[in-house]
Amino acid sequence: MDTALWTLLTGTSAVAAICGQRVFWGVIPQGAAAPALTLNIISGSDAPHLGGTDGLWVYRVQVDCYAKDRPTARSLSQAVVTALNGYRAASPGIAGVFIDGTREEFEAAATARPSRISHDFNIFWRG
């Protein structure tokens, strides 16, 4: 799922036009330019039932859109939501992506990353 999500985001022209290949799992590396995205798995499960599991995983992934100013963070945020919300691919792979929540913060202590808009997505994955 990690590689498929990264490939989807970096391969979306609207996202790439704003942040290029700066899509990172975990944290943005020291010295990387903004704007950028970070991806973090918040939770995941394989939806077990009495007959075992069916191989469909549900991940909750937080996508943080960082930029030096709010308008750029907002543009990146809108590009991410457009790319992901409602997306699905052929099986195996991403079976569906649905937005679950949005937050906005100003990170005054983080130089060069003062504006962040976060989204939580539920990603249904069959590998």
Side-chain angles (χ1 to χ4, degrees):
M1 190 270 307
D2 297 24
T3 301
L5 184 58
W6 186 89
T7 300
L8 174 59
L9 287 167
T10 59
T12 300
S13 60
V15 173
I18 299 169
C19 70
Q21 301 286 301
R22 292 183 304 276
V23 177
F24 305 102
W25 280 99
V27 297
I28 297 173
Q30 187 72 26
L37 296 175
T38 61
L39 312 172
N40 289 283
I41 296 174
I42 304 304
S43 63
S45 69
D46 62 351
H49 49 80
L50 293 177
T53 62
D54 63 4
L56 180 66
W57 279 76
V58 180
Y59 292 98
R60 183 180 180 105
V61 176
Q62 179 175 316
V63 179
D64 294 317
C65 307
Y66 287 98
K68 293 180 180 181
D69 56 57
R70 186 185 184 279
T72 306
R74 187 72 180 131
S75 293
L76 181 55
S77 164
Q78 290 169 334
V80 166
V81 170
T82 299
L84 294 182
N85 195 34
Y87 178 84
R88 69 180 201 182
S91 187
I94 298 174
V97 180
F98 306 96
I99 195 164
D100 190 49
T102 298
R103 298 167 299 291
E104 185 171 351
E105 293 185 24
F106 178 76
E107 295 192 4
T111 59
R113 290 185 279 174
S115 190
R116 177 180 80 182
I117 299 174
S118 299
H119 302 289
D120 292 342
F121 290 93
N122 291 318
I123 299 178
F124 295 82
W125 169 263
R126 189 178 305 277

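Note that CZ of Arg103 and OG of Ser77 are 11.0 Å apart. Values are rounded to the nearest 0.5 Å. In this structure, CD on Gln21 lies 4.5 Å from CH2 on Trp6, to the nearest 0.5 angstrom. Here the CG atom belonging to Leu5 is positioned 5.5 Å from the CD1 atom belonging to Ile94, to the nearest 0.5 angstrom. Note: Ser43 OG to Tyr59 OH = 10.5 Å, rounded to the nearest 0.5 Å. Separating the CD1 atom in Ile41 from the CH2 atom in Trp25 is a distance of 4.5 Å, to the nearest 0.5 Å. Between the CG atom of Leu37 and the CD atom of Gln62 there is a distance of 12.0 Å, given to the nearest 0.5 Å.
Between Leu9 and Leu84, the closest side-chain pair of non-hydrogen atoms falls below 4.5 Å. Counting heavy atoms from C-beta outward, Val15 and Leu76 have side chains that approach closer than 4.5 Å. Side chains of Leu39 and Val23 form a contact here, defined as non-hydrogen atoms less than 4.5 Å apart. Side-chain atoms of Met1 and Val61, non-hydrogen and from C-beta on, do get closer than 4.5 Å to each other.
The shortest heavy-atom contact between Cys19 and Pro35 is CB-O, 3.5 Å. Considering every non-hydrogen atom in both Ala36 and Ile28, the closest pair reads CB-CD1, 3.8 Å. The two residues Ala4 and Trp125 have their closest heavy-atom pair at CB-CZ3, 3.7 Å. Across Tyr87 and Ala89, no two heavy atoms sit closer than the pair OH-CB, 3.6 Å.
Each of Val80, Thr72, Thr12 was evaluated against Ile18; a single residue qualifies, Thr72, per the side-chain contact (heavy atoms from CB on, under 4.5 Å) test.
The number of heavy-atom neighbours closer than 6.0 Å to CZ of Arg88, taken from other residues, nucleotides and ligands shown, is 12 or below.
Residues Asp69 and Ser115 bring no donor and acceptor atom of their side chains to less than 3.5 Å of each other.
Hydrophobic clustering (side-chain heavy atoms under 4.5 Å, transitive across Ile, Leu, Val, Met, Phe, Trp, Tyr) groups Val63 together with Val81. Cluster membership for Leu56 and Phe98, using ILVMFWY side-chain heavy atoms within less than 4.5 angstrom, is shared.
Taking Thr82 as the reference, nothing meets the side-chain contact (heavy atoms from CB on, under 4.5 Å) condition, with sequence neighbours excluded. Under the rule for a side-chain contact (heavy atoms from CB on, under 4.5 Å), the partners of Pro29 that lie at least two apart in sequence or sit in another chain are Phe24, Ala32.
In this structure, Glu104 does not pair ionically with Arg74, as no charged nitrogen and carboxylate oxygen lie closer than 4.0 Å.
Remark: side-chain polar atoms of Asn85 are paired, donor with acceptor, to backbone N or O of Ile99 under 3.5 angstrom. Between the Arg116 side chain and the Asp64 main chain, no donor and acceptor come within less than 3.5 Å of each other.
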